[in-house]
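Here is the structure we will look at, set down as structure tokens.
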Amino acid sequence: MIVYCLTILFISSLLSSQYNFLAAFLQLLPLAVSFADPLPAPILSTDPRHDVYYEGERVAIICLAPTMRKIGGFRFFNQTGEQIDLRTPYSLTTAWLQLTATIASAGEYTCMYFLKESGEEIPSNRSLPLSVKVQAAPMAPTLSLDPQQQVYRPGNHVNLLCSFPSSPDDVKEVQYYADFGLAVSIPVSNVKNYSFNLRIMGEEVSGSYSCAYFVIKSTRPVRSEKSRWISVNLKSEFSNPSSLEPLVTTDPSLVSSLPVCLSMNTSMSLISIPSCPMTIHLSASAFLYITK
């Protein structure tokens, strides 16, 4: 009888232990599942990597998602927490935010990524903040024309004189720009200014010009601010006919003194002379109008 009771007590104790273990396991299971739910935070970096950037430089902020799961998209945020870029749909594990460095773009950035499953968005935690420091670009040079004229004619030459405010030892390169894009880049050394000789060949060189220079800062070439834009205007070989007053005469013999470009026909009310810088009008009252 005693043995029987001991056996019952042993079995009851064993069952109680198993029940308690099972209950504890079931309590821990949601915790294990919840620990697996959060997505790992992305890693934020810049390319190129510099301690400080100068205005006008290009920099890419790179957000890397450390997961093998299918990405649904990325979000980038500025230091106020405002979303500044959204990439979706997006399947790569790396996203790039391209910036042009300005004083306004300096600050801290963060990013996050998200998955899309069953139509729902599953967000990751945000990355650690990344600080982007920006300093002002070197001062702008001064651009002038020599000789300074209101208009230039084909065959003329004009010097685009770019003068630097920095020490001559610092300037390593000068660039000239036209309003149709980059015109020319020239290495220089130990000069306070550089003069580029522009030959006026035709309408293709008529427009606005600017210049900038490069100095070495933080072991890399950094471009200055651009100079103010100045205009190089071309004067055509012939004046604009619409801007001249017509010559009025009653003497048709005046036509004989004009270049012969085509035969006269008195029945024509308008004689067009494509190769001559003038147009001849015949009125009904025989007055002759010549626009040069």
Between S124 (side chain only) and L39 (backbone N and O only), is there a donor and an acceptor less than 3.5 Å apart?
no
With side chain to side chain contact (heavy atoms under 4.5 Å, CB included) as the test, pick out the partner of T110 among P129, C63, P42.
P129
Report yes if some heavy atom in the side chain of Y209 is under 4.5 Å from a heavy atom in the side chain of D179; otherwise report no.
no
Check whether any side-chain heavy atom of V134 sits under 4.5 Å from a side-chain heavy atom of S105, and report yes or no.
yes
Determine whether a donor-acceptor pair (N or O, by modelled atom type, separation under 3.5 Å) exists between the side chain of E120 and the backbone of E117.
no
Working to the nearest 0.5 angstrom, can you tell me the gap between I216 CD1 and S218 OG?
10.0 Å
Check this for me, if you would: do E121 and R75 make a salt bridge, where the nitrogen-to-carboxylate-oxygen distance has to be below 4.0 angstrom?
yes
Please determine which of R223, R220, K133, K217 meets the salt bridge (charged side-chain N to carboxylate O under 4.0 Å, His left out) test together with E57.
R220
Would K192 and F164 count as a cation-pi pair here, with the cationic atom under 6.0 angstrom from the ring centre and within 45° of the axis?
no
Under a plain distance cut-off of 3.5 Å, with no hydrogens placed, do N233 and S231 share a side-chain donor-acceptor pair?
no
Check whether the side chains of S210 and S227 place a donor and an acceptor atom closer than 3.5 Å, and report yes or no.
yes
Is it true that the NZ or CZ of R126 lies under 6.0 Å from the centre of F77's six-membered ring and within 45 degrees of the ring axis?
yes
Any donor-acceptor pair under 3.5 Å from Y53 side chain to H50 backbone:
yes
